[in-house]
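This report concerns only the one structure given below.
Computed from a predicted model, the values in this text were never measured in an experiment.
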Amino acid sequence: MSKIPYTGKTPGARQPIRPVSSDPLAPAEESYVTQNPLLEDPDALAARLAESEDFVRRNRNLLLGILVVVVAAIAGAFGYNYWRTEQNTQAQNAMFKAVDYWEADSLGKATKGDGKHPGLDKVATEYSGTKAGNLANFYAGVAALKQGKFQDAYNYLDKFSSDDYLVQSRAYALMGDAKLELNQPKDAAELYAKAADHNPNEQFSPGYVLKQGIALETAKDNAGAAKAYDRIINDYATSPEAAEARQRKAAVGQ
């Protein structure tokens with residue numbers, strides 16, 4: 001019995017199926033797409049596998065290096081996320097006593113610590129990349145504002161950020177309060193406007209716009225103040241601030 005290599009043309013081999021037209025009146029097509037030759041011809045498949053094996057053998061060091069980099073990147077990502085979680089937990093534990101002091105209005109101990117427990121300032125600095133460290137900046141900023149340390153208050157709050165638009169708006173407004181106390185009314189007005197425009201809402205935005213108008217009055221910008229009051233009168237007509245906005249607009253004579 002002769003040994004004939006088994007190919008797509010070997011007698012008994014599965015032949016490609018000619019596609020049937022959906023239109024019975026259409027002429028038969030002379031050209032058609034055959035099946036994948038690698039699946040039909042074992043010799044071709046074997047040759048392709050040999051080429052792949054040769055490529056891997058010649059580039060083994062390169063492929064191994066790529067694999068090491070990928071594994072290291074995945075391990076690094078998991079390790080970093082674990083470290084961040086641990087750091088945040090430590091920060092929460094560290095600031096627990098400081099928040100107790102803050103709520104009790106012991107603002108000095110809340111900010112600087114009591115000798116045994118760290119204060120908000122230390123937590124914010126040592127755990128700056130964590131959620132707890134970020135929140136410590138907000139608490140410290142409010143504490144500094146109450147203590148009359150207005151530049152410190154601004155600096156703390158400037159480092160704070162929140163995905164909660166109400167909390168972030170409040171931070172902008174507090175930064176505006178600090179700037180106003182530092183006799184920088186134009187900067188204060190910009191921060192109040194930023195607070196009002198950060199997802200505007202009926203509950204808080206009118207108050208922030210009113211503060212913006214007052215800051216502009218302090219900066220001797222009566223036209224800008226009147227414009228802020230007009231915004232309250234037109235956009236927040238039913239708010240408690242609307243009546244004061246009308247009075248102030250009349251007072252600035254615009």
Side-chain angles (χ1 to χ4, degrees), residues 99 102-103 105 107-108 110-112 119-121 123-125 128-129 131 133-254:
V99 173
W102 188 89
E103 292 176 345
D105 222 25
L107 302 179
T111 304
K112 298 301 181 181
L120 296 167
D121 180 76
V123 173
T125 301
S128 59
K131 292 181 180 180
N134 179 52
L135 187 58
N137 277 311
F138 184 85
Y139 279 113
V142 174
L145 196 61
K146 290 182 177 180
Q147 291 175 298
K149 300 176 181 179
F150 304 119
Q151 188 60 57
D152 287 345
Y154 178 85
N155 293 341
Y156 282 125
L157 292 165
D158 192 38
K159 297 174 184 176
F160 171 77
S161 64
S162 175
D163 293 333
D164 187 314
Y165 70 89
L166 292 178
V167 176
Q168 185 60 65
S169 295
R170 178 61 175 161
Y172 290 144
L174 291 172
M175 290 168 68
D177 291 344
K179 284 293 186 180
L180 195 60
E181 294 290 349
L182 290 168
N183 197 28
Q184 299 173 26
K186 288 187 177 180
D187 291 340
E190 291 178 2
L191 287 162
Y192 291 138
K194 195 172 183 179
D197 293 336
H198 192 69
N199 288 287
N201 60 87
E202 297 282 342
Q203 188 173 5
F204 297 104
S205 292
Y208 297 146
V209 178
L210 184 63
K211 284 191 169 189
Q212 177 193 3
I214 295 172
L216 290 170
E217 281 190 60
T218 305
K220 308 301 181 183
D221 183 359
N222 289 343
K227 187 176 180 180
Y229 299 142
D230 273 335
R231 180 181 176 186
I232 299 173
I233 295 168
N234 295 328
D235 296 348
Y236 305 104
T238 60
S239 67
E241 291 81 7
E244 185 175 353
R246 293 188 184 92
Q247 294 174 358
R248 286 189 169 274
K249 182 185 178 184
V252 297
Q254 298 290 323

Using the ring of Y154 (Phe, Tyr or Trp, six-membered ring only), decide whether K179 places NZ or CZ under 6.0 Å from its centre and within 45 degrees of its axis.
yes
Give the intermediate values and the outcome of side-chain contact (heavy atoms from CB on, under 4.5 Å) for residues R248 and I214.
CA-CA 9 Å; R248 286 189 169 274; I214 295 172; 3.8 Å; yes
Could you tell me whether R231 and D197 make a salt bridge, using a distance below 4.0 angstrom between a side-chain N and a carboxylate O?
yes
Sequence neighbours excluded, which residues qualify as side-chain hydrogen bond (donor to acceptor under 3.5 Å, both in side chains) partners of D230?
K249
Taking it one step at a time, do N201 and L166 satisfy side-chain contact (heavy atoms from CB on, under 4.5 Å)?
CA-CA 9 Å; N201 60 87; L166 292 178; 4.0 Å; yes
Please determine, by modelled atom types, if E241 and Y229 share a side-chain donor-acceptor pair under 3.5 angstrom.
no
Would you sort out whether K186 and E190 count as a salt bridge (charged side-chain N to carboxylate O under 4.0 Å, His left out), showing the intermediate values?
CA-CA 6 Å; K186 288 187 177 180; E190 291 178 2; over 6 Å; no
Identify the residue among Y208, Y172, Y192, Y165 that makes a ring-ring contact (aromatic ring centres under 6.0 Å, His included) with H198.
Y172
Start with the C-alpha gap between Q168 and D164, add the side-chain angles, then the distance that decides, and say whether side chain to side chain donor-acceptor pair (under 3.5 Å) holds.
CA-CA 6 Å; Q168 185 60 65; D164 187 314; over 6 Å; no
Just by distance, do the side chain of [X] and the backbone of [Y] share a donor-acceptor pair under 3.5 Å?
| X | Y | answer |
| --- | --- | --- |
| S239 | Y236 | yes |
| W102 | Y139 | yes |
| T125 | D121 | yes |
| N134 | S162 | no |

Please name all residues satisfying ring-ring contact (aromatic ring centres under 6.0 Å, His included) with F138, sequence neighbours left out, ordered by chain then number.
F160
